[in-house]
Amino acid sequence: MFSARRLAGAPLALVLLALSGCSSSWGCTDTTAERGEAGVRVQVEDTDGRPLGVSAEVFDWRLEPHPQVPSEGDRVHFHFRFDRADQIPDPAVDACAVDKERVALGCKTVYWSEAFGREGDLLGDGWLAVEHPEQVAAVLLIPNDQSSHDRRTCEQDLKDGGGPHPPEPASVGDEL
């Protein structure tokens, strides 16, 4: 059984927990950046919309079967470039195949670390599977940096979560 001394200390323990930040009154807030304007060439930006000094560009794309799964038909094969990406660790942007109305048909995140080449001009390629490849009119990049952000929200971690987050990655049907 609990002694009277232990029961008397219980309110004190609750007060200490509340003061330590384990209370729901902790001042945690989440903010989500607005999605930047998609384009063939973009300046990568942080969650406040400020340029990071890195540009990304889709410089070529075409429809063709993926060499590892040619039986699945055409996919979107695109080539991208990061310029001056050595200034921040592993920047990443979303690449989306879009139709003529700029509606996303398929998207994926591309990372600087997936590219290769000389410093300051790194080249890479990617593949996008889309339901109707014949509708693809362009491949666009969304400028918001999707890399190395601590995506813990206040709901996930009341004490250490929260803060600015990049926008949710683009998905099929989003108008860019």
Side-chain angles (χ1 to χ4, degrees), residues 30-153 156 161 163-176:
D30 287 303
T31 59
T32 302
E34 298 232 0
R35 183 178 289 161
E37 180 70 27
V40 172
R41 181 176 175 83
V42 297
Q43 294 296 318
V44 181
E45 56 190 47
D46 66 12
T47 53
D48 292 322
R50 292 186 301 248
L52 295 173
V54 177
S55 63
E57 173 184 21
V58 172
F59 63 89
D60 183 37
W61 71 272
R62 62 186 161 278
L63 298 176
E64 62 185 2
H66 191 288
Q68 294 177 337
V69 285
S71 63
E72 293 182 5
D74 282 345
R75 292 191 178 183
V76 181
H77 185 200
F78 65 98
H79 293 87
F80 61 91
R81 171 187 358 255
F82 280 101
D83 294 327
R84 292 191 302 226
D86 55 328
Q87 296 176 2
I88 61 171
D90 205 17
V93 293
D94 289 335
C96 297
V98 298
D99 66 13
K100 63 183 179 181
E101 303 296 323
R102 295 176 60 109
V103 174
L105 303 172
C107 299
K108 74 173 277 185
T109 303
V110 294
Y111 293 83
W112 168 83
S113 60
E114 297 172 348
F116 55 92
R118 65 185 195 279
E119 265 187 57
D121 191 18
L122 300 172
L123 308 175
D125 73 322
W127 294 85
L128 294 166
V130 298
E131 191 171 335
H132 298 286
E134 70 280 359
Q135 293 179 357
V136 176
V139 177
L140 302 178
L141 300 173
I142 300 171
N144 306 88
D145 183 20
Q146 295 288 340
S147 70
S148 65
H149 290 287
D150 183 354
R151 293 184 182 258
R152 290 180 298 173
T153 63
Q156 295 165 323
H165 302 280
E168 288 298 316
S171 58
V172 174
D174 288 355
E175 189 173 334
L176 306 179

I need the minimum non-hydrogen distance between [X] and [Y], along with the two atoms involved.
X	Y	value
E45	G36	OE2-CA, 3.9 Å
P166	T32	O-CG2, 3.8 Å
P67	W127	CD-CZ2, 3.6 Å
A92	Y111	CB-CD2, 3.3 Å
L128	C107	CD2-C, 3.6 Å
S171	A104	O-CB, 3.5 Å

- Item | With S55, the side chain to side chain contact (heavy atoms under 4.5 Å, CB included) member among D83, V93, V44, V42 |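 Of the listed residues D83, V93, V44, V42, the side chain to side chain contact (heavy atoms under 4.5 Å, CB included) partner of S55 is D83.
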- Qualifying residue, where the test is side chain to side chain contact (heavy atoms under 4.5 Å, CB included) with D174 and the options are R102, E168, R35: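 When side chain to side chain contact (heavy atoms under 4.5 Å, CB included) is applied between D174 and each of R102, E168, R35, only R35 qualifies.
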- Task: Determine whether L52 and P91 make a side-chain contact, defined as any pair of heavy atoms from C-beta on separated by less than 4.5 Å.
- Result: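 Not touching, per the 4.5 Å side-chain cut-off.
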- Message: Does any part of the side chain of H77, heavy atoms only, come nearer than 4.5 Å to the side chain of D125, both counted from C-beta?
- Response: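 Touching, per the 4.5 Å side-chain cut-off.
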- Task: Report yes or no: does Q146 contribute a side-chain atom to a donor-acceptor pair with the main-chain N or O of P167 at less than 3.5 Å?
- Result: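 It does hold such a pair.
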- Query: Hey, does the side chain of D145 reach the backbone of T47 with a donor-acceptor pair shorter than 3.5 angstrom?
  - Reply: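 No, D145 side chain to T47 backbone: no donor-acceptor pair under 3.5 Å.
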- Can you tell me if CD on E131 sees more than 12 non-hydrogen neighbours from other groups inside 6.0 Å?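 Result for CD/E131: open.
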Separation between [atom1] of [X] and [atom2] of [Y], rounded to the nearest 0.5 Å:
X	Y	atom1	atom2	value
E114	L122	CD	CG	12.0 Å
L63	Q135	CG	CD	11.5 Å
I142	D94	CD1	CG	5.0 Å
D74	H66	CG	NE2	12.5 Å

- Message: Walk me through whether L140 and V40 qualify under side chain to side chain contact (heavy atoms under 4.5 Å, CB included).
- Response: CA-CA 5 Å; L140 302 178; V40 172; 3.9 Å; yes
- Item | Residue pairs passing the salt bridge (charged side-chain N to carboxylate O under 4.0 Å, His left out) test where at least one lies in residues 49-71, sequence neighbours excluded |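 Checked against salt bridge (charged side-chain N to carboxylate O under 4.0 Å, His left out) - neighbours excluded - the pairs reaching residues 49-71 are R41-E57, D46-R50, D48-R50, E57-R81, D60-R62, R62-E64.
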- F78 and F80 aromatic ring geometry - parallel, tilted or perpendicular at 30°/60° bounds: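 Judged by the thresholds at 30° and 60°, the geometry between F80 and F78 is tilted.
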